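I have placed the structure first, in the form of structure tokens, so that the comments after it can refer back to it.
Because the structure is predicted, anything quoted here is derived from the model rather than measured.
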Amino acid sequence: MVGVAAFSFSVPFTRIAVGSSDSPGLDPLLVGCGRAVVAAALAVFALGITRTAIPSARHWLRLIPVAAGVVVGFPLFTSLALRHSDSGHAAVIVGLLPTMTAVVAVTLTRERPGLRFWIGASAGAAATVVFAFVAHGGTSGGGVDDLYLICAVLLGAIGYAQGGILARELGAWQTICWALVLALPVMAVVSARSIHLHPPTDITTAQWSAFAYLCGVSMFLGFFAWYRGLAIGPMTVVSQTQLVQPVLSVAWSALLLGEALSLGVVGGGLAVIACAAFTVRSRTRDSTSLRARMSHVTTGRLRIVSR
């Protein structure tokens with residue numbers, strides 16, 4: 001929940017940092033990639049001061065999807081989308097992230113939830129897609145921005161699940177630090193190119209402050225807690241604590257940006273959360289049932305051995 005609380009400010013602060021079409025702020029590429037450059041500098045300092053051992057070649061390969069998902073993909077695509085999309089709507093689509101993380105976790109681990117889990121996960125995905133189209137009155141208007149957000153969700157889910165698995169071997173904060181280091185060369189080049197093409201001039205204090213939060217908390221400290229929670233697991237259950245995130249993000253957007261809480265945003269958010277909550281209950285019951293069956297089998301075997 002500490003990680004979720006930290007991430008819940010990411011969408012509204014990204015919206016503040018990039019500004020809008022009428023009042024542009026930092027270039028979306030700089031916001032999406034520059035935060036990783038600053039966070040990577042913090043990571044190098046943390047790794048150096050603690051003298052953390054360098055990962056093996058096998059671990060470096062497994063860090064690639066982590067870096068591609070949470071360091072490159074999710075920040076970049078949300079930054080591109082939030083130049084034109086309001087943060088309340090974006091927060092609802094990002095609300096699909098917990099379900100997608102659970103689906104990826106099931107694929108990568110040995111957890112095998114039952115049919116009820118998959119029904120809930122599918123319903124959550126359908127509810128999110130339908131809301132995205134209905135909120136924009138069809139495919140026009142926000143179609144490209146919604147596509148950016150969906151790509152962000154898919155890549156973020158991969159980065160969350162793979163990072164949670166690696167955190168059990170490398171450690172929680174070490175995993176995000178090494179992922180930042182791995183992505184640093186590419187992110188530094190893109191950020192430098194963005195600064196050259198779109199020099200950050202006339203940027204307000206609020207926009208720089210929002211960018212600083214994205215660098216230090218959303219891209220760095222928040223993952224310390226989040227990956228630790230996923231490492232404790234099971235990931236399919238722990239990842240669903242992020243259901244609170246879109247609700248918090250919408251609340252912060254209303255408070256910080258003055259965005260109206262329309263019935264469409266509220267209804268879409270409730271629909272996604274309801275479907276994901278059904279998934280959580282299904283997964284928990286499936287786990288409880290499995291543990292009960294395993295306990296029964298183990299008890300029976302012990303009785304046979306004792307006899």
Side-chain angles (χ1 to χ4, degrees), residues 1-11 13-14 31-76 78 94 97-98 101-102 104-105 108-109 152 155-188 191 211-242 244-245 248:
M1 287 304 300
V2 173
V4 168
F7 294 153
S8 67
F9 285 96
S10 298
V11 169
F13 280 174
T14 300
V31 174
C33 300
R35 74 173 82 173
V37 175
V38 176
L42 298 175
V44 170
F45 176 77
L47 292 169
I49 200 173
T50 57
R51 298 182 180 180
T52 303
I54 298 177
S56 64
R58 178 175 60 88
H59 284 136
W60 279 117
L61 290 175
R62 295 169 62 190
L63 279 166
I64 292 176
V66 180
V70 302
V71 179
V72 180
F74 188 83
L76 180 59
T78 51
V94 173
L97 188 53
T101 302
V104 176
L108 297 178
T109 65
L155 290 172
I158 294 172
Y160 281 170
Q162 181 65 22
I165 295 173
L166 273 178
R168 297 170 180 171
E169 303 175 23
L170 298 178
W173 69 269
Q174 293 92 333
T175 297
I176 186 59
C177 284
W178 288 120
L180 287 165
V181 170
L182 180 62
L184 177 58
V186 175
M187 303 305 267
S191 299
F211 180 70
Y213 182 92
L214 295 173
C215 296
V217 181
S218 296
M219 194 76 265
F220 190 61
L221 294 177
F223 280 98
F224 286 28
W226 180 241
Y227 275 157
R228 174 57 180 163
L230 290 179
I232 295 172
M235 276 189 289
T236 49
V237 176
V238 174
S239 64
Q240 303 310 298
T241 59
Q242 204 174 20
V244 182
Q245 184 172 327
L248 293 175

Are more than 12 heavy atoms, taken from residues, nucleotides or ligands other than Leu61, located less than 6.0 Å from that residue's CG atom? yes

Mind listing the closest non-hydrogen atom pair of Val70 and Gly156 along with its distance? CG1-O, 4.1 Å

Could you go through the side-chain contact (heavy atoms from CB on, under 4.5 Å) check for Thr52 and Trp178 one step at a time? CA-CA 10 Å; Thr52 303; Trp178 288 120; 4.0 Å; yes

For the side chain of Trp60 and the backbone of Pro55, is there at least one donor-acceptor N/O pair under 3.5 Å apart? yes

Rounded distance [0.5 Å steps], OG in Ser56 versus CD in Glu169: 8.5 Å

A side-chain contact here means heavy atoms from C-beta on lying under 4.5 Å apart; do Met219 and Leu180 qualify? yes

What are the two closest non-hydrogen atoms of Leu63 and Ala179, and how far apart are they? CD2-N, 4.2 Å

Within this structure, what is the CG-CG distance for the pair Leu76 and Leu155, rounded to the nearest 0.5 Å? 9.5 Å

Does Ala5 offer a backbone N or O that forms a donor-acceptor pair with the side chain of Ser8 under 3.5 Å? yes

Side chain to side chain, Ser218 and Tyr213, heavy atoms closer than 4.5 Å: yes

Where do Arg228 and Ala172 come nearest, in terms of heavy atoms and distance? N-CB, 3.4 Å

Side chains of Phe220 and Trp173 in contact at under 4.5 Å (non-hydrogen atoms): no

So NE2 of His59 and CD1 of Ile64: to nearest 0.5 Å the spacing works out to 13.5 Å

Out of Phe74, Phe224, Phe223, which residue meets the ring-ring contact (aromatic ring centres under 6.0 Å, His included) rule with Phe7? Phe223

Distance, nearest 0.5 Å, that separates CH2 of Trp226 from OG1 of Thr175: 14.5 Å

Contact check, side chains of Tyr227 and Ile176, non-hydrogen atoms, under 4.5 Å: yes

For Val181 and Val44, run side-chain contact (heavy atoms from CB on, under 4.5 Å): C-alpha distance rounded to whole Å, both residues' side-chain angles, the deciding distance at 0.1 Å, then the answer. CA-CA 7 Å; Val181 170; Val44 170; 4.0 Å; yes

Using only heavy-atom distances, determine whether the side chains of Ser239 and Thr101 contain a donor-acceptor pair under 3.5 Å. no

Just distance, no hydrogens or angles: give the donor-acceptor pairs under 3.5 Å from side chains in residues 158-168, sequence neighbours left out.
from   : atom 1 : to     : atom 2 : distance (Å)
Gln162 : NE2    : Arg62  : O      : 3.4
Arg168 : NE     : Ala231 : O      : 3.0

Taking Arg35 for its side chain and Val31 for its backbone only, find out whether a donor-acceptor pair lies under 3.5 Å. yes

Using a 4.5 Å cut-off on heavy atoms from C-beta on, say whether the side chain of Val72 contacts that of Val186. no

